[in-house]
Structures are given as C-alpha cells and as structure tokens.
Amino acid sequence: MLDSKQLRADAAGVAANLARRGFTLDVAAFNALEERRKAAQIESDRVRAERNANAKAVGIAKGRKEDPTALLARAEELTRQLEASDTAINAVQAELDDLLLGIPNLLHESVPEGRDESANQEMRRWGEPRKFDFTPKDHVELGEQLGGLDFESAARISGARFAVLKGGIARLHRALAQFMLDLHTGEHGYTEAYVPYLVLGPALQGTGQLPKFEQDLFKVPVAGAESSFYLIPTAEVPVTNLVRDSIVDAKDLPKKFVAHTPCFRSEAGAAGKDTRGLIRQHQFEKVELVHIVKPADSYAALEELTSHAEKVLQKLELPHRVVALCAGDIGFGSAKTYDIEVWLPGQNKYREISSCSNCEAFQARRMQARWRNPETGKPEPLHTLNGSGVAVGRALVAVLENHQNADGSITVPAALRPYMGGAERITGN
RNA sequence: GGAGAGAUGGCCGAGUGGUCGAAGGCGCACCCCUGCUAAGGGUGUAAGGGCCAAAAGCCCUUCGAGGGUUCGAAUCCCUCUCUCUCCGCCA
C-alpha cells in the first residue's frame with residue numbers, strides 16, 4: 001500500500017507515476033474521502049475526549065461524596081453522540097481502505113516505459129543457445145519417451161494443468177530443488193526456511209495478493225470456521241510475512257531467506273495459454289529468495305538477489321537473459337522487476353524462469369513490518385524483495401530440453417550429479 | 001478430542017470498576033559520582049492516528065481478537081484465537 005501521507009501531499013505526482021503502468025488514480029475521489037475521514041475523526045476524537053473527562057469527573061465527584069446526577073446525564077448524551085460518530089468514521093475508513101488496498105505500487109524511476117512485454121528491456125545475456133545437429137524435441141516429447149512425464153494419469157487424477165513425474169525425471173526434479181537450496185544457503189548466505197503452505201487472508205493481504213487477486217488463489221474452507229485457508233501461490237507469502245507486525249533491530253538486517261515450497265495457482269485468467277507441458281501448472285515447486293533490508297540498501301539487494309538466481313542457471317549450464325520489465329508489465333506490488341528468461345530449444349525462445357522484484361515499502365506498510373532506524377530512533381517501514389531462485393518445474397523443462405541427446409536421453413549437468421547418485425545420464429526406464 | 005492454566009510495553013512482571021498507558025525489574029540511551037576493575041546515583045525510554053507550516057504542546061486509540069454490561073473496563077460477562085500442562089489419538 002502506498003504511504004497515505006505521500007498521497008495526500010502529492011496526489012498529482014503519485015497519479016502521474018501510476019499512469020505509467022496504465023493505472024488511473026481517481027485523485028478527486030481520494031481527496032474527498034480523505035476530507036470526510038479527517039472531519040469524522042476530529043469529531044469522534046472531540047466527543048471521546050469529552051466523554052473521558054466527564055467520566056473522570058464522575059469518579060472524582062463520587063470520591064468527594066458530591067451529587068453526580070448532572071454529570072451522569074451529560075454522560076449518557078455523550079455516549080449516544082459517540083455511537084453516531086463511530087459509525088460515520090468506520091464507514092469512511094472502510095471505503096478509504098478499499099481504495100488504498102487496490103492501488104498498485106509506485107514505479108522506480110529506472111523502470112522502462114511501455115505498455116506490455118514487447119517494451120521490456122534486455123539487460124544482459126549469458127551463454128549461447130546450443131546448436132543441435134538434430135531437431136531438438138520439447139520437454140513433453142522427451143519426458144513421455146523417457147517414461148518420466150505422465151500428463152494422462154495426472155488428468156485422470158486431478159484434471160488439466162497437473163503432472164505426474166516418475167523415475168529419473170522425478171529424481172531430477174527433486175535434485176534441482178536440493179541443489180538450489182544448497183547453493184543459496186552454502187554460497188549466497190541465505191537462511192533456509194520451512195513454512196506453512198496454507199495461510200490466512202491477512203498474510204496474503206500483507207504481500208498484496210488480497211484483496212485484489214483472490215480469483216488467482218485456491219481457497220480451502222475449514223468446516224465450522226469463519227475464516228478460510230488459502231494455498232500459497234508462492235513462498236513469498238509465508239516467508240515475507242515472517243516480519244509482519246514486528247520491529248526489526250538494525251543489527252539483524254539484512255535478513256535473507258530461501259524456501260522450497262509447492263505453489264498453487266488457479267490460473268483463472270490463463271485459459272488456453274501454455275496448456276502444453278509443465279510450463280503453467282496448478283501445482284508446481286519453486287525455490288524462493290526473500291530479502292528484508294534497510295530502505296537505502298534495497299536496489300543493491302535487487303541486483304544481488306537477481307545474480308543469485310542467475311547463478312543457478314549458470315551452474316546448470318542453461319543459457320538465459322535478464323530483462324527489466326517495463327511499466328505496463330510490472331506486477332502490482334513491485335517497484336522494479338527483473339525477469340530471468342531461460343533458453344528453451346523446444347520452443348526456440350527465452351521463457352520466464354524467475355522474477356525478481358523490489359517491493360520497497362509497499363508490502364512492509366501492509367504488513368506493519370518495520371525496523372528501528374538508529375538515525376531517527378523511530379520505527380520505519382522495511383523494504384522487501386523476492387525472487388524465484390528458481391522455479392523448479394521450469395528448470396526441469398530447461399534441463400531436459402537444453403541437455404537432450406539425439407537418442408532422447410538427457411545429460412545430467414555436473415552440478416546435479418551429486419544429487420543424482422552420480423548418474424551422468426537419464427535414459428528410459 | 002477431553003480437562004486445566006495462561007495471554008499486559010523490547011523482555012520479565014504487578015495490577016479484580018474511576019486521575020492506569022499501566023508499579024517494579026531487566027535491557028537500552030544520556031548525565032553525574034567514583035575511579036583500583038567492579039560498582040553507585042539521576043533522567044529518559046511503546047506503537048498507531050489526529051490538530052499544527054513545523055517544533056513544542058494537546059487530543060484519540062491500543063493491556064491476545066471481537067462483542068456486551070457501565071457515566072467509566074487491563075480489571076466484570078460472552079464468543080473466538082493462540083500458548084503451556086495432563087489425558088486420548090496420531091506421522
């Protein structure tokens with residue numbers, strides 16, 4: 001959520017920034033609501049102050065054995081007034097919250113202009129797409145030939161957008177996740193976290209998925225309870241919420257977490273898109289990186305986090321490029337995002353395998369996640385960042401397609417062999 | 001699932017209807033004294049919001065959450081959540 005002080009002080013500037021993403025901020029509506037809220041709060045505070053003073057006077061009068069009848073009459077009147085002013089303030093506040101929670105984050109000045117992904121800016125490339133002396137297959141064909149990728153069974157069990165992995169490919173999938181965790185904890189200084197996969201609404205509101213994007217989530221009702229669980233769409237949700245409602249000591253920053261979790265997405269708006277293979281599933285695994293940092297450090301942290309995700313692909317010998325998302329393509333809560341795209345020979349193009357975002361204070365404000373700034377002595381919002389390090393399912397796709405051989409077998413990249421019992425190749429069962 | 005106990009400020013912990021946002025301690029910050037290795041004294045120290053150009057100051061809210069009783073609730077009542085102990089069950 002945006003800083004409402006900034007919104008009040010510079011509504012036009014905020015609106016101009018949001019317009020870059022194609023979001024129209026109704027400044028007049030905000031100002032009107034804010035005026036109403038302020039008036040209601042002043043009135044409510046005034047009545048409450050009088051009621052408090054009056055109640056105190058009653059106590060004092062009784063202590064002195066004086067007659068409190070007049071004070072009591074006034075008190076009843078004040079209580080009635082208070083009910084009215086509370087109703088008014090609650091109504092305005094609810095409207096204002098709705099408005100504020102639906103406004104996306106401000107963009108960093110370095111974000112390129114543009115309406116859609118065609119305007120994204122390539123920052124760098126690593127590796128050369130391999131020249132095949134045979135026609136490379138895509139991962140679906142490779143996986144089915146190897147007997148390790150079974151979409152038919154998955155469809156029977158759970159319908160579309162699920163997969164069953166078996167044998168060497170299932171192990172490769174597991175190996176990828178283990179490898180990434182070990183790399184990030186061992187070489188990049190992350191603390192591993194194991195977190196809940198079912199979360200409550202406030203956690204999702206903290207990271208920005210709620211209230212606006214409920215249709216993207218799987219909701220799990222609990223018998224007899226009024227609140228439901230949601231399946232996490234990314235580990236970003238439980239991990240970033242580790243600092244919700246807390247004031248972190250400056251000496252404990254930065255915090256860097258890595259977590260491997262399944263992710264669940266309803267893909268409500270993606271009908272017909274990427275229906276082939278493992279690219280877009282309802283359930284997939286991801287290794288997620290989260291940084292909790294001082295505001296002054298967050299852009300350096302974004303570069304660092306992105307480089308950590310790239311390192312995974314480099315060790316797996318997977319050609320890739322880094323792209324700065326343009327204004328119109330950037331996610332709701334992010335101020336700046338780099339996507340990492342891996343080369344997929346089966347599709348003959350680069351496909352997203354990681355998305356690294358600096359959310360600045362956007363999530364921190366929603367979560368009340370703060371640090372005590374030694375310079376001011378005051379609690380101030382932290383900056384939060386997250387990025388995939390990387391998506392395991394898509395990494396599996398990339399390994400299969402990039403390291404395939406003419407006979408349909410897969411060469412296991414050296415970095416993964418320790419996790420594969422030393423195996424150098426995956427062949428059919 | 002059953003029975004019981006609890007939830008108060010960064011931490012510990014007092015507080016059962018009225019100047020309680022809350023004693024005391026720890027921690028932290030600053031100051032003073034002393035200076036023979038370790039202490040002694042003082043002051044300050046929650047968050048969120050509002051009025052104000054700003055500071056000062058003042059006001060409101062918050063004692064797990066929500067509701068209720070009351071002129072007035074940390075304190076009484078109800079519901080819920082979480083934690084701990086014992087029993088049951090279980091990976």
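Worth knowing before you read on, the calculation uses all heavy atoms, side chains too, and leaves out hydrogens, waters and symmetry mates. All chains are named by letter (A, B, ...) in the order of the sequence lines, taking the proteins before the strands, and each is independently numbered beginning at 1. Because the structure is a prediction, the values reported are computed rather than measured.
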* Asked: Given rG72(B), is OP1 or OP2 found less than 4.0 Å from the side-chain N or O atoms of T79(A)?
  -> yes

So the ring pair (Phe, Tyr, Trp, His ring centres under 6.0 Å) pairs with at least one residue in residues 369-400 of chain A (sequence neighbours excluded) are none

### R48(A) side chain near rG72(B) phosphate (N/O to OP1/OP2, under 4.0 Å)
no

Please tell me whether Y230(A) and F218(A) form a close aromatic pair, meaning their ring centres lie under 6.0 Å apart. no

*asked:* Base, sugar-phosphate or nothing for R372(A)? Non-hydrogen atoms, less than 4.0 Å.
replied: sugar-phosphate

The nucleotide from rG49(B), rC71(B), rC51(B) with an atom nearest the side chain of K38(A) is rC51(B)

P379(A) has its side chain closest, among rG48(B), rC71(B), rC60(B), to rG48(B)

Subject >> Interatomic distance at C1', rC12(B) relative to rA23(B), whole Å >> reply: 14 Å

Checking rG49(B), rG48(B), rU61(B) against the side chain of R51(A) (C-beta onward), the nearest is rU61(B)

Side-chain atoms of R37(A) come closest, of rG72(B), rG49(B), rC60(B), to rG49(B)

By the Watson-Crick or G-U definition, both distances under 3.5 Å, rA39(B) is matched with none

Of the listed rU61(B), rG48(B), rG49(B), the closest approach to the N52(A) side chain comes from rU61(B)

Checking rG50(B), rG48(B), rC71(B) against the side chain of R370(A) (C-beta onward), the nearest is rG48(B)

Exercise. State whether the side chain of N120(A) and the backbone N or O of C326(A) hold a donor-acceptor pair below 3.5 Å, judged by distance alone.
Key: yes

Rounded to whole Å, CZ of R365(A) lies from P of rG49(B) at a distance of 11 Å

Side chain to side chain contact (heavy atoms under 4.5 Å, CB included) evaluation trace for E288(A) with T234(A)
CA-CA 8 Å; E288(A) 182 78 359; T234(A) 158; 3.7 Å; yes

